[in-house]
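Data block below; observations after.
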Amino acid sequence: MQKEGSKGKGNGKRRNLEFIVIVTWMGTGSSLLAGKRSNLLCFVFLRFGRFAEFRIERFVFMMDASRFFFLMEESREVLNSKEDCGRLLELGNLFNLFLDLCMPSSSPRFVLRGLSVSQIKKCIPKQGKQSAIAVAVQSNYPVVETDASNNVSMIDNLFNSLKDLARKGHLLKAFETFSLIKLHASSANRDVILHSISSLLYSCTNLKSLPQGKQLHAHTISLGFESHLVLVPKLVTFYSSFSLLADAHIITVNSDIVNPLPWNLLISSYVNNGLHGEALSAYREMVHKGVRPDNFTYPSVLKACGEKLDLDFGREVHESINAASGHRWNLYVHNSLVSMYGKFGELDAARRLFNQMPERDAVSWNGIITNYASRGMWKEAFELFEEMRLASAEVNIITWNTIAGGCVQTRNFKGALELLSQMRRCGIDLDPVAMIIGLGACSHIGAIKLGTVIHASAIRSCFDGFNNVRNALITMYSRCKDLRHADILFKSIKTKSLTTWNSMLSGYTHMDRSEEASFLFREMLFSGIEPNYVTIASILPHCARVANLQQGKEFHCYIMRREGFEDYLLLWNSLVEMYARSGKVLSAKRVFDSLRRRDKVTYTSLIAGYGIQGEGKTALKLFDEMIKHRIKPDQVTMVAVLSACSHSGLVTEGNVLFEKMSTLYGIVPAVEHFSCMVDLFGRAGLLNKAKKVITSMPYRPTTAMWATLVGACRIHGNTEIGEWAAEKLLEMKPENPGYYVLIANMHAAAGRWSKLAEVRTYMRDLGVRKAPGCTWVDVGSGFSPFVVGDTSKHNSNDLYELLEGLTDLMKDAGYVAGENFSSEDEVLEEIECCNM
């Protein structure tokens, strides 16, 4: 291009007016201009007036007019479609914009090489000779006015366009618009540049654009804005979003801003990243620099104190809050104080603060309830929950789940399910946590019908794909003795986690399915999944139940060789239980003594082991030791210690412990404890006391309880109470054939053959058949079943010869069967004879 002389008086007004036009035209669709207009990118930067002062800083790209004319001329000859006409119209409008800006009507300042303006305009359709401003508006590009009085309006339009582009995530276009703003902005427009950078930083934060954000930071330093109140919070947020907290800290410290906002953002970022010590250090530095904390500072600081368990500093912050706030009260700060003292275990202080609150929200109630729940103080948590509902406070799903989980923890499984039902009635849909709680409650009480309802709800909510929910479903079905559905769920999971394997293993061991449990465990190992402490804790009780002591010892060795298992008390408790239930009490005691930490489960397992061996006094000493260590017994512990007294004939001690259950330990006696007392009195021959326990207890007697009393009457020859108990037992129509044998033994001992016939009739009418006795024998390579009277094995003669030898050894050792008692098979034979 060549510049010609300027004519006309109307151009003086434009001397100080700066224009920049960015036009991007990407050709698509039409085959007309394919290959000839892949991209038409025109950047025109023109300054009118004194051309010696032109400063073309960027985006200067003048059009090749000859090529443009060639395209226009070619297009006129081949316009065949509506789309082609539209493309040509747009092309004409673009070029018309170029002419309007470059060629003022009074006198053109530029002449295109080799072409006159008239030649070019011949190729432009009439529809294309429109205003350049209209074209720019239609193309969504900022329009540059030609009057100096509208410069401010132009800057505002550019700024609004930048904010819109940044908000929509068009970062590149937003930066291009920012370049235009900088070119046109004067010293009076510094605020526009400042807020433009703020918008761009916000967009970089949301889009995770670290390099662009760093470039903006460098630009703010060059402009001297690095300590401005508008930009410092944005910079702190930007670097914090990338976990570059050291950079965020430097920016905050160097800003010297007295406003607490940057410090609040920094402290909150430290807390969110788990850097509680750094958060407290930043707070100290903030106060030291004279920046006054506000109500947005304290919640993060108090949370950091609670997580660090820094009670002294927490109290110091509490005092500063009281000093700074005076009579002003803030709900969020007060909630944070309640939560902090709860983390410290200072529940009295937390409750006092809670009671002093003039108003409470859901966070307030949930905070104080969680404080008690986290300490296992469920009674107080339940009471607060009831108060919350009476106060008509909104109960969110977190609080519902906390209380329902507490019911499961306190073994109030029906209460947990009732709470979930109330949630549904209140219009709250069950989330995955609530479903897991409900499934856990169903698995403990065998409520498979309700469990399937929760399963259906999980399918409708698409929560059945969650691993935790699927694992809970497997556990529920297996604990409810529906191993078929548990196995279907298990096999439907393509990628099984360790928890999934553990859930299925736990189901098999719970059902005493030893073969399936062993096979599944081997399959898990072959699949490359390494067992954890939960796996071994599930398998060890199975080893004890099937008397597979050798496998239990192998697991013990595995635990000793592996690092990281020493802190899992659940695992060591299972070892103690395995040895104790296998009759190896000394081995159990050695494991017990090796533990640095013990809980009630540890003590209960060993107490039960001593009780089975008839060492009741040793079990009582262990119980006393447990109480001295301030380990509170639970219902299972009391069953173990009462059973130990029963097996050792410690009637007085057992009676005293039963009385202390409710008065001293706060345990309401359950039906299991009354069964222990019936057994205790029955073994000691105190049959009237045993009868009184059954008739006066607040529960319906179980079949096992009546059978216990019948067995005691048989031993001590009390046919009167025995017949009464036998009648009660037969009324319940038990499915256990052993109970009928027990009754028959009692009648046979008393010579009541007519009663024997009645027993036989009962068994025949109910379809009850005595299954042959079966045991498992370890033959080295595995376990082999051994059934009474079985002669199918090839070495059965040797086995029976060995059995007779063992019987002789038992007799020599003084173990002689009572003369008044017969074996079950002998009794059944007598029953058969009576019916002949």
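When a residue number appears, it is its place in the shown sequence, counting from 1.
Partners of E723 by side-chain hydrogen bond (donor to acceptor under 3.5 Å, both in side chains), not counting sequence neighbours, listed by chain and number: R752. Residues satisfying the side-chain hydrogen bond (donor to acceptor under 3.5 Å, both in side chains) test with T708, not counting sequence neighbours, are none.
Closest approach of M677 and G654 over heavy atoms only: SD-O, 4.2 Å. Across all their heavy atoms, D679 and S646 have their closest contact at OD2-OG, 2.5 Å. Of all non-hydrogen atoms in L606 and V576, the two that sit nearest each other are N-CG1, 4.1 Å. Pairing each heavy atom of M638 with each of L657, the nearest pair is CE-O, 3.8 Å. The shortest non-hydrogen separation linking M476 to C442 is CG-CB, 4.0 Å. Between P633 and I627, the shortest heavy-atom contact is CD-CD1, 3.7 Å.
Side-chain N/O atoms of N532 and N502 include a donor and acceptor closer than 3.5 Å. Between T637 and T604, the side chains place a donor N or O and an acceptor N or O closer than 3.5 Å (distance only, hydrogens not considered).
With ring centers used as reference points, F674 lies under 6.0 Å from F658.
Using a distance-only test at 3.5 Å, with no hydrogens or angles considered, a donor-acceptor pair links the side chain of S538 to the main chain of V534. Remark: the backbone N or O of S503 is not paired with any side-chain donor or acceptor of S506 at under 3.5 angstrom. Looking at H629, its side chain does come within 3.5 Å of a backbone N or O of E625 through a donor-acceptor pair.
Salt bridge status for K589 with D593: present, with a side-chain N to carboxylate O gap under 4.0 Å.
Checking each of F555, Y508, W501 against F521 for a ring-ring contact (aromatic ring centres under 6.0 Å, His included) leaves exactly one that passes, namely F555.
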Listed pairs under 3.5 Å, donor-acceptor, residues 692-702 side chains, sequence neighbours left out:
unit_1, atom_1, unit_2, atom_2, d
T695, OG1, K691, O, 3.1
T695, OG1, K692, O, 3.2
S696, OG, K692, O, 2.6
Y699, OH, P669, O, 2.9
T702, OG1, M705, N, 3.2

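Interatomic distance, N655 CG to L680 CG, rounded to the nearest 0.5 Å: 7.5 Å. Note that the CG atom of L622 and the CD atom of E615 stand 11.0 Å from one another [nearest 0.5 Å].
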